[in-house]
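The block underneath contains the structure these notes are about, expressed in structure tokens.
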Amino acid sequence: QVQLVESGGGLVQPGGSLRLSCAASGRIFSINWMAWYRQAPGKQRELVAAITSGGSTNYTDSVKGRFTISRDNAKMYLQMNNLKPEDTAVYYCTTDGRWWGQGTQVTVSS
């Protein structure tokens with residue numbers, strides 16, 4: 001079992017930045033890939049960015065050039081720059097699509 005705790009969400013103005021963190025504990029040696037998903041009100045949860053144990057990354061088109069995913073052992077980060085109102089959502093971290101955190105709210109509004 002893997003436990004995940006996200007942090008770093010909040011309210012930011014358009015064009016601002018936030019850095020999300022995800023701390024993993026438990027059977028972290030079993031983790032292959034980690035990812036950030038987000039879910040906006042009335043929409044399905046969508047993949048934002050993923051990173052493998054080898055460091056390969058993948059981003060959804062709408063965040064390319066603005067968001068950067070990184071990983072340091074049992075911690076994962078999402079640096080979000082030039083935030084837009086459409087980035088407003090609850091952001092979740094996951095390991096291997098199996099274990100999920102409780103989510104952290106990101107609101108982009110003036």
Going by heavy atoms in the side chains, are [X] and [Y] under 4.5 Å from each other?
X	Y	result
Arg71	Ser53	yes
Ser70	Gln79	no
Leu47	Asn58	yes

Is a side-chain N or O of [X] found less than 3.5 angstrom from the main chain of [Y], in a donor-acceptor match?
X	Y	value
Tyr59	Gly65	no
Thr104	Gly9	yes
Thr88	Val108	yes

* Asked: So if you build clusters from Ile, Leu, Val, Met, Phe, Trp, Tyr with side-chain heavy-atom gaps below 4.5 Å, do Val106 and Ile69 land together?
  ->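 Yes, same cluster.
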* To do: Report the C-alpha separation of Val48 and Asp87 in whole Å, then their side-chain angles, then the decisive distance to 0.1 Å, and conclude whether the side-chain contact (heavy atoms from CB on, under 4.5 Å) test is met.
  => CA-CA 10 Å; Val48 177; Asp87 295 318; over 6 Å; no
Using a 3.5 Å cut-off and no angle test, enumerate the donor-acceptor pairs between side-chain atoms of residues 21-36 and protein atoms at least two apart in sequence or in another chain.
unit_1	atom_1	unit_2	atom_2	d
Ser25	OG	Gln3	OE1	3.4
Ser30	OG	Arg27	O	2.6
Trp36	NE1	Tyr77	O	3.4

* To do: In sequence, state the C-alpha distance, the side-chain angles, and the governing distance for Lys64 and Asp61, and then conclude on salt bridge (Lys or Arg N to Asp or Glu O under 4.0 Å).
  => CA-CA 5 Å; Lys64 286 179 180 177; Asp61 286 346; 3.0 Å; yes
* Asked: Which one of Met76, Gln102, Gln105 satisfies the side chain to side chain contact (heavy atoms under 4.5 Å, CB included) criterion with Glu6?
  ->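 When Met76, Gln102, Gln105 are each tested with Glu6, the side chain to side chain contact (heavy atoms under 4.5 Å, CB included) holds only for Gln102.
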* Contact summary for Leu18 and Leu83, nearest pair of heavy atoms ->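 It is N-CD1, 3.8 Å.
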* Contact summary for Thr94 and Leu4, nearest pair of heavy atoms ->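 That would be CA-CD1, 3.8 Å.
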If you round to the nearest 0.5 Å, how far is [atom2] of [Y] from [atom1] of [X]?
X	Y	atom1	atom2	value
Ser109	Leu11	OG	CG	6.5 Å
Arg19	Leu78	CZ	CG	10.0 Å
Lys84	Arg66	NZ	CZ	4.5 Å
Arg38	Gln44	CZ	CD	14.0 Å
Gln39	Tyr91	CD	OH	12.0 Å
Leu20	Phe67	CG	CZ	8.0 Å

* With sequence neighbours left out, what residues match Tyr37 under ring-ring contact (aromatic ring centres under 6.0 Å, His included)? ->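 Partners of Tyr37 by the ring-ring contact (aromatic ring centres under 6.0 Å, His included) criterion, ordered by chain and then number, come out as Trp100.
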